Amino acid sequence: DYFTPDGHHVNTSGRFDELFDWRSTEVEVFYVRYLQILGVTGAYLEDERLVPTMMQRPWKPGSGGAGLSSAKFEDRPGAYKHFPEIAVPVELHPEFEVLANGSQMLWVDVYIPKDTAPGQHTGAIKFTWAGEERSVDVNLEVLAFSLPDEPTSKTMLPIEGGDILR
């Protein structure tokens, strides 16, 4: 449960049928899972230009302009490192482990009602960990505009490797 400093109960979903309906959930907390990069597949094996810059091996232009490399996977700057992969609502994953000397990212979505006054708003998020309560101050700036409740653009564009290299 979440409460504002003045004791107002903040509505969190808790119901799977409302899990992604931001209009009925004032605050939604996500647990971020990490993925260890163990290798690459497909076109990434043939052309380094298709690989995100932070994962590219040293390469040189080959025939047809392809980015060729003879380096090994281990030569990639991000090889075997962990990267944020997916944000899972805490309602689906309410308990998780944080390793000693480790860290865990949480993503917090806050729904701002359309009639909220623009300006600075403050509050705190309280966590209970191993029976100990901790608090993090939050400062939020509300701007003088609102987003529509329903998406106004319903477009999907397929993009493939060849499209990126044009």
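Treat the numbers as computed from the prediction; the structure is a model and nothing was measured.
- Taking the salt bridge (Lys or Arg N to Asp or Glu O under 4.0 Å) definition, one finds that E132 meets it with R134, sequence neighbours left out.
- Nearest heavy atom pair, residue L147 against residue K114, reads O-NZ, 2.6 Å.
- L140 and V136 fall within a single hydrophobic cluster, where Ile, Leu, Val, Met, Phe, Trp and Tyr are joined by side-chain heavy atoms under 4.5 Å apart, directly or via other members.
- Across all their heavy atoms, L35 and E85 have their closest contact at CB-CB, 3.8 Å.
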Query raised in the report: Going through the distances and angles, do I37 and F83 end up as a side chain to side chain contact (heavy atoms under 4.5 Å, CB included)?
Result: CA-CA 8 Å; I37 305 300; F83 291 89; 3.4 Å; yes
- [ ] For R57 and F73, run side chain to side chain contact (heavy atoms under 4.5 Å, CB included): C-alpha distance rounded to whole Å, both residues' side-chain angles, the deciding distance at 0.1 Å, then the answer.
- [x] CA-CA 8 Å; R57 300 176 295 188; F73 172 74; 5.8 Å; no
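- One distance of note links OH of Y34 with CD1 of I86; it measures 13.5 Å at 0.5 Å rounding.
- A donor-acceptor contact closer than 3.5 angstrom links the side chains of Y80 and E74.
- Between K60 and E48, none of the side-chain N atoms (NZ, or NE/NH1/NH2) sits under 4.0 Å from a carboxylate O, so this pair counts as no salt bridge.
- Partners of K72 under the salt bridge (Lys or Arg N to Asp or Glu O under 4.0 Å) rule, at least two apart in sequence or in another chain, do not exist in this structure.
- Formation of a donor-acceptor pair under 3.5 Å by the S135 side chain with backbone atoms of A124 is not found in this model.
- When all heavy atoms of V90 and Y31 are compared, the closest pair comes out as CG1-N, 4.1 Å.
- To the nearest 0.5 angstrom, H82 atom NE2 is 13.5 Å from R33 atom CZ.
- Side chain of E141 to backbone of G119: no donor-acceptor contact under 3.5 angstrom is found.
- Atom CG of L50 is separated from atom CD of Q56 by 9.0 Å, given to the nearest 0.5 angstrom.
- Note: the hydrophobic cluster containing L143 does not contain V110 (ILVMFWY, side chain heavy atoms under 4.5 Å, direct or indirect links).
- V32 is linked by a side chain to side chain contact (heavy atoms under 4.5 Å, CB included) to P84, A87, Q104, M105, W107, counting only residues two or more places apart in sequence or in another chain.
- One finds the NE2 atom of H121 at 7.5 Å from the CD1 atom of I112 (value rounded to the nearest 0.5 Å).
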